[in-house]
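So the structure is just underneath, and the comments pick up after that.
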Number of protein chains: 2
Amino acid sequence: MDVASPSKADLAREAWTAMLEFFFVKGRPKVLELWREFDLMPPQQMVLGLLDEPRPMGELAHHMHCDSSNITGIVDRLTERGLVERRAAEGDRRVKLVALTDEGRAMRTELIRRRTEPPEEIAALSDSDLRRLQRIFSSALSH
Amino acid sequence: MDVASPSKADLAREAWTAMLEFFFVKGRPKVLELWREFDLMPPQQMVLGLLDEPRPMGELAHHMHCDSSNITGIVDRLTERGLVERRAAEGDRRVKLVALTDEGRAMRTELIRRRTEPPEEIAALSDSDLRRLQRIFSSALSH
DNA sequence: TATTGTTATACTCTATAACTATA
DNA sequence: TATAGTTATAGAGTATAACAATA
């Protein structure tokens, strides 16, 4: 092993470490900023984000990798804020569909707009870098 | 605006969205896995990660972007587990230094090793992609 | 007076287990 | 019996405000 040319595994680990640091440490202030701006904790933001259409409680729990009992509380709080409502599902009366209210839909749109605003360090990259990132992570998401 | 060549702002937003999805949605199971594996919640992992050397409570709070009252509880729980201890700081008796125990140091090493293991989707990238990622995010971290 | 860290309080998230209504 | 969702409970994270010890 040549010290000047690290193994591929080392290279991957270095790159991964830098990315973790960027997203989970340097990016933390932005998470806190959105939390305060919308007065929505991350799990509430996640539920709002999932509601592109009405979805059953269980489906929300599945996508959030948490127990469905948590979803009850999260949806309760979103309901108290007037952002979502529970509806009956046709065909199975055990199922409750969570649907956005008009206010919830407006907040979801604004939240997504803010969440997807790239930070300066990304926005300033070259077209070549941006295209490469887009390709790498779109591909990673479909694997 | 040509539909086939999106503006740079759009390109940046697309790339950023894919990255957010990859790290915060697709990556969530790995976060939960480490949580269970070490029985350490993310904030406890973060404190352990910061302790490359003994640090004052306030410095931990600063790096975690949270109130110092939270650190009291987190350090209490790490102390009960025998992973860290509070020490007096020389020169200012108000300050308490949080230091790893031997057991804490061993767990920190293992935790960092596991955290920095790149997922398959990254490990499988070409050398060229990996080098590009390394360059982009190292640079982003120093800005 | 100002700063460091703790305590008190309230709310949210998280999991597990027991429960209700429905299938 | 099995499933969808809720309730009960306990532990952890978060913030704010009030406090003790020290500077």
Side-chain angles (χ1 to χ4, degrees), chain A residues 24-25 28-51 54-81 83-99, chain B residues 24 28-50 54-81 83-99:
Chain A
F24 292 100
V25 181
R28 202 171 141 87
K30 188 168 180 185
V31 170
L32 300 175
E33 188 185 328
L34 285 189
W35 171 3
R36 284 179 168 81
E37 186 175 331
F38 291 89
D39 193 23
L40 289 171
M41 298 196 72
Q44 295 175 332
Q45 293 180 26
M46 215 176 302
V47 165
L48 228 51
L50 288 168
L51 293 179
R55 295 190 186 281
M57 304 287 292
E59 192 176 323
L60 297 175
H62 175 73
H63 279 103
M64 294 181 62
H65 305 279
C66 72
D67 192 87
S68 58
S69 63
N70 300 324
I71 303 296
T72 297
I74 294 170
V75 168
D76 282 351
R77 288 181 278 278
L78 292 174
T79 300
E80 284 163 16
R81 299 255 314 255
L83 300 174
V84 306
E85 59 185 15
R86 285 174 170 89
R87 291 183 192 161
E90 296 175 23
D92 189 336
R93 288 193 297 173
R94 292 173 303 181
V95 175
K96 291 175 190 169
L97 294 177
V98 185
Chain B
F24 292 99
R28 203 171 141 87
K30 188 167 180 184
V31 170
L32 300 175
E33 187 185 329
L34 285 189
W35 172 2
R36 284 177 168 81
E37 185 174 331
F38 292 89
D39 193 21
L40 290 172
M41 297 194 75
Q44 294 174 330
Q45 293 181 27
M46 215 177 303
V47 165
L48 227 52
L50 288 169
R55 296 188 185 284
M57 303 287 291
E59 192 176 323
L60 297 176
H62 174 74
H63 280 102
M64 294 181 61
H65 305 279
C66 72
D67 191 88
S68 58
S69 63
N70 299 324
I71 303 297
T72 298
I74 293 169
V75 168
D76 281 351
R77 288 181 278 277
L78 291 173
T79 301
E80 285 164 17
R81 298 255 314 255
L83 299 173
V84 306
E85 60 184 16
R86 285 175 170 89
R87 290 183 193 160
E90 296 175 23
D92 188 336
R93 288 192 297 173
R94 293 173 304 179
V95 174
K96 291 175 189 170
L97 295 178
V98 185

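- Distance Leu97(A) CG to dA4(D) P: 13 Å, rounded to the nearest Å.
- What separates CD1 of Ile74(B) from C1' of dT14(D) is a distance of 9 Å, to the nearest Å.
- Here Lys96(A) does not reach the OP1 or OP2 of dA21(C): none of its side-chain N or O atoms lies under 4.0 Å away.
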Working for side chain to side chain contact (heavy atoms under 4.5 Å, CB included), residues Leu40(A) and Arg81(A): CA-CA 10 Å; Leu40(A) 289 171; Arg81(A) 299 255 314 255; 3.7 Å; yes

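- For the atom pair CD (Glu59(A)) and CG (Leu50(A)), the distance works out to 8.5 Å, reported to the nearest 0.5 Å.
- Met64(B) places a side-chain heavy atom less than 4.5 Å from the side chain of Pro43(B).
- Nearest-nucleotide positions on DNA chain D place Val95(A) closer to the 5' end than the other of Leu32(A) and Val95(A).
- Computed from coordinates, the Gln44(B) CD to dG11(D) P distance equals 14 Å when rounded to whole Å.
- Distance Met41(A) CE to dA12(D) P: 17 Å, rounded to the nearest Å.
- The side chain of Pro43(A) lies closest to dC13(C) when the candidates are dC13(C), dG5(C), dT7(D).
- Rounded to whole angstrom, the span from the CG atom of Asp39(B) across to the P atom of dT16(C) amounts to 12 Å.
- Rounding to the nearest 0.5 angstrom, the gap separating the CG atom in Leu97(B) from the CG atom in Asp92(B) is 10.0 Å.
- Taking atom CE on Met46(A) and atom C1' on dT14(C), their separation rounds to 13 Å, with Å as the unit.
- In this structure, Arg77(A) places its CZ atom 12 Å from P of dT6(D), rounding to the nearest Å.
- With a 4.5 Å cut-off on side-chain heavy atoms, His65(B) and Pro29(A) count as touching.
- Residues His65(B) and Met57(A) both approach DNA chain D. Their nearest nucleotides, taken by heavy-atom distance, put Met57(A) toward the 5′ side.
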Reading nucleotides 16-23 of chain D from the 5' end, what letters show protein touch, with B for base, S for backbone sugar-phosphate only, - for no heavy atom under 4.0 Å? BB---BBS

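- Counting heavy atoms from C-beta on, the side chains of Asp76(A) and Arg86(A) come closer than 4.5 Å.
- For the pair Asp76(A) CG and dA8(D) C1', the computed distance is 14 Å after rounding to whole Å.
- Two residues are said to be in side-chain contact when any heavy atoms from C-beta on lie closer than 4.5 Å; Arg55(B) and Lys96(B) fail this criterion.
- Among the atoms of the strands shown, only primed sugar atoms or phosphate atoms (P, OP1, OP2) are found under 4.0 Å from some heavy atom of Pro56(A).
- Residue Ile71(B) is out of contact with every strand shown, counting any heavy-atom pair closer than 4.0 Å.
- The phosphate of dT14(D) has OP1 or OP2 within less than 4.0 Å of a side-chain N or O from Arg28(A).
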